[in-house]
Every structure is written in structure tokens, then in C-alpha cells.
Student: 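Before I ask anything, here is the structure I am working with.
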Amino acid sequence: MFEDVGKVGRYLGQAMRLMVGLPDYDTYVAHMQATHPDKPVMSYEAFFRERQEARYGGKSGGRCC
């Protein structure tokens, strides 16, 4: 029973971080190690910067046109 409560807590925490725009670096690292072990893992700073640029538009200023 307590395992289920822990899982729910982790999922809720992840959902809250995604709602406010905080990327989940631990999930990224686990994904890279599991599916792309031959590729380097970005540092937290590089990952955060890349996610901000993807979310807010980076060099284009967030414009679509």
C-alpha cells in the first residue's frame, strides 16, 4: 500500500514540476542511460537552458511566424 502512495507522490511531483515549467533532469538522465548509452548526457545547466529555449522560443523569441 505504501508503495502505491509513494508512486502517486512521485507522479504528482513530476506533474507539478511540468505544470510550472521545471524540466525533470533525473528522468532525462535515466532515459539517456537506458536508451542512448553511447551518447553523452548534458549537464543540468545545459539541459535546463535547452528546455527553456524549447519552451520559450530561444533565438526566435517565441514567435511562430
Side-chain angles (χ1 to χ4, degrees):
M1 178 176 153
F2 291 112
E3 291 176 12
D4 294 336
V5 172
K7 284 182 184 179
V8 169
R10 282 192 296 277
Y11 287 127
L12 284 175
Q14 182 180 18
M16 296 298 262
R17 284 189 297 277
L18 290 172
M19 279 192 269
V20 297
L22 292 176
D24 195 357
Y25 182 70
D26 294 333
T27 302
Y28 160 74
V29 171
H31 168 78
M32 289 299 288
Q33 291 173 343
T35 59
H36 308 286
D38 56 324
K39 295 184 180 179
V41 176
M42 287 187 277
S43 68
Y44 179 79
E45 292 78 16
F47 173 77
F48 187 80
R49 191 175 327 112
E50 190 272 334
R51 291 288 79 217
Q52 275 191 324
E53 288 177 5
R55 182 178 174 113
Y56 298 113
K59 294 179 178 106
S60 67
R63 297 182 184 166
C64 65
C65 302

Student: So M42 and Y28, do their side chains get closer than 4.5 Å, heavy atoms only?
Tutor: yes

Student: Please round to the nearest 0.5 Å and tell me the distance separating atom NZ of K7 and atom CG of L12.
Tutor: 14.0 Å

Student: With sequence neighbours left out, what residues match V29 under side chain to side chain contact (heavy atoms under 4.5 Å, CB included)?
Tutor: Y25, Q33, V41

Student: Under the rule for side chain to side chain donor-acceptor pair (under 3.5 Å), what residues qualify as partners of S43, not counting sequence neighbours?
Tutor: none

Student: What distance separates R10 CZ from D24 CG, expressed to the nearest 0.5 Å?
Tutor: 12.0 Å

